[in-house]
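Keep in mind it's a predicted model, so treat the numbers as computed, not measured.
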Amino acid sequence: YFALGETRDAIVMLGALVPVVGVDVFLQARSRSALKRLAQSVAPRAQAVRDGHETSVYTADLVPGYLVMLREGDFVHVDGIVRSAANLAIDESSLTGESEPQLKRASLPGEIDGAASDALFYAGSTVLAGHGVGEILATGRSTRFGEIARLVAASDAGQTPLQRRVGRLVKKLAIVAGAVN
């Protein structure tokens with residue numbers, strides 16, 4: 001309105017716009033603050049052994065070598081090796097597609113390399129039954145689940161055959177429409 005020479009209309013619009021923008025900025029800041037607090041309150045945690053005591057730890061703070069408790073209903077956030085187990089059954093279907101729970105056994109003392117698959121557990125699985133203690137071998141992107149996520153992110157998101165056909169059809173229709181005009 002200023003550019004059109006309508007000074008009075010421009011001032012009225014500014015007078016109406018400033019409070020609306022102010023309220024929007026205030027609400028946006030308040031929403032971000034609430035989301036940040038919510039994310040901190042529901043950040044994934046695991047029961048781990050630190051300094052000889054069992055404690056609740058943010059999964060981001062877990063490191064290889066820690067012992068982590070595996071209990072019925074727990075979501076597993078790390079890869080590791082089972083050090084003790086009592087009727088431990090883990091659902092690894094998100095990684096393997098296997099619909100049956102995998103029974104886990106305690107590994108031999110000092111065993112890491114060459115450990116049997118029934119002595120290993122993986123991030124992305126869920127403890128279905130029993131309980132146990134596992135030693136963390138890998139966290140975050142170093143886990144098998146993290147490797148799958150990295151491969152998916154790096155994969156070529158090329159067009160599907162249907163998208164290619166529709167693209168060719170649209171080009172043909174555009175040429176026909178251009179020729180008709």
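Considering every non-hydrogen atom in both Pro19 and Ala16, the closest pair reads CD-O, 3.5 Å. For the pair Ala119 and Ser107, the tightest heavy-atom approach, listed with the atom from each and the gap, is CB-CB, 3.9 Å. When every heavy atom of Val82 is checked against every heavy atom of Ser84, the shortest pair comes out as CG1-O, 3.4 Å.
Applying the salt bridge (Lys or Arg N to Asp or Glu O under 4.0 Å) rule to Arg164 yields no partners; only residues at least two apart in sequence or on another chain are considered. Judged as a salt bridge (Lys or Arg N to Asp or Glu O under 4.0 Å), and not counting sequence neighbours, Asp9 has no contacts.
Sorted by first and then second residue, the salt bridge (Lys or Arg N to Asp or Glu O under 4.0 Å) pairs involving residues 69-78 (not counting sequence neighbours) are Glu54-Arg71. Residue pairs satisfying the side-chain hydrogen bond (donor to acceptor under 3.5 Å, both in side chains) criterion with at least one member in residues 21-32, sequence neighbours excluded, are absent. The list of salt bridge (Lys or Arg N to Asp or Glu O under 4.0 Å) pairs with a residue in residues 131-155, not counting sequence neighbours, reads Arg83-Glu135, Glu147-Arg150. For residues 169-178, there are no salt bridge (Lys or Arg N to Asp or Glu O under 4.0 Å) pairs, not counting sequence neighbours. Within the structure, every pair that satisfies the ring pair (Phe, Tyr, Trp, His ring centres under 6.0 Å) test and touches residues 70-104, not counting sequence neighbours, is listed here: Phe75-His77. Pairs of residues two or more places apart, or lying in two chains, never qualify as ring pair (Phe, Tyr, Trp, His ring centres under 6.0 Å) while including a residue from residues 79-116.
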What donor-acceptor contacts under 3.5 angstrom involve side-chain atoms of residues 122-134, with partners at least two apart or in another chain?
unit_1 : atom_1 : unit_2 : atom_2 : d
Ser125 : OG     : Tyr122 : O      : 2.2

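Through side-chain heavy atoms spaced under 4.5 Å, either directly or across other Ile, Leu, Val, Met, Phe, Trp or Tyr residues, Val170 is tied to Leu162, Val166. With a 4.5 Å cut-off between side-chain heavy atoms of Ile, Leu, Val, Met, Phe, Trp and Tyr, the cluster of Leu14 takes in Phe2, Ile11. Annotation for Tyr1: hydrophobic cluster partners, listed by chain and number, are Met13 (ILVMFWY side-chain heavy atoms under 4.5 Å, direct or chained).
If you take OG1 on Thr143 and CD1 on Ile148, they are separated by 8.5 Å, rounding to the nearest 0.5 Å. If you take CD on Gln102 and OG1 on Thr96, they are separated by 6.0 Å, rounding to the nearest 0.5 Å. Rounded to the nearest 0.5 angstrom, Ile90 CD1 and Leu103 CG are separated by 10.0 Å. The distance from atom CZ of Arg165 to atom CD of Gln163, rounded to the nearest 0.5 Å, is 12.0 Å. Here the CG-CZ distance, from Leu173 to Arg168, works out to 13.0 Å after rounding to the nearest 0.5 Å.
If you chain together hydrophobic residues whose side chains sit under 4.5 Å apart, Val63 and Ile136 fall into the same group. Taken together through direct or relayed side-chain contacts under 4.5 Å among Ile, Leu, Val, Met, Phe, Trp and Tyr, Val57 and Val78 form part of one hydrophobic cluster. Taking hydrophobic clusters as Ile, Leu, Val, Met, Phe, Trp and Tyr residues chained together by side-chain heavy-atom distances below 4.5 Å, Leu95 shares a cluster with Leu120. Taken together through direct or relayed side-chain contacts under 4.5 Å among Ile, Leu, Val, Met, Phe, Trp and Tyr, Leu17 and Val25 form part of one hydrophobic cluster. Transitive grouping of hydrophobic side chains (ILVMFWY, heavy atoms separated by less than 4.5 Å) keeps Val21 and Phe26 in distinct clusters.
Just one of Asn87, Leu88, Leu70, Ile81 meets the side-chain contact (heavy atoms from CB on, under 4.5 Å) condition when paired with Lys104; it is Leu88. Screening Arg50, Met69, Arg45 for a side-chain contact (heavy atoms from CB on, under 4.5 Å) with Thr55, the sole residue that qualifies is Arg50.
Using a 4.5 Å cut-off on side-chain heavy atoms (C-beta onward), Phe121 and Val68 make contact.
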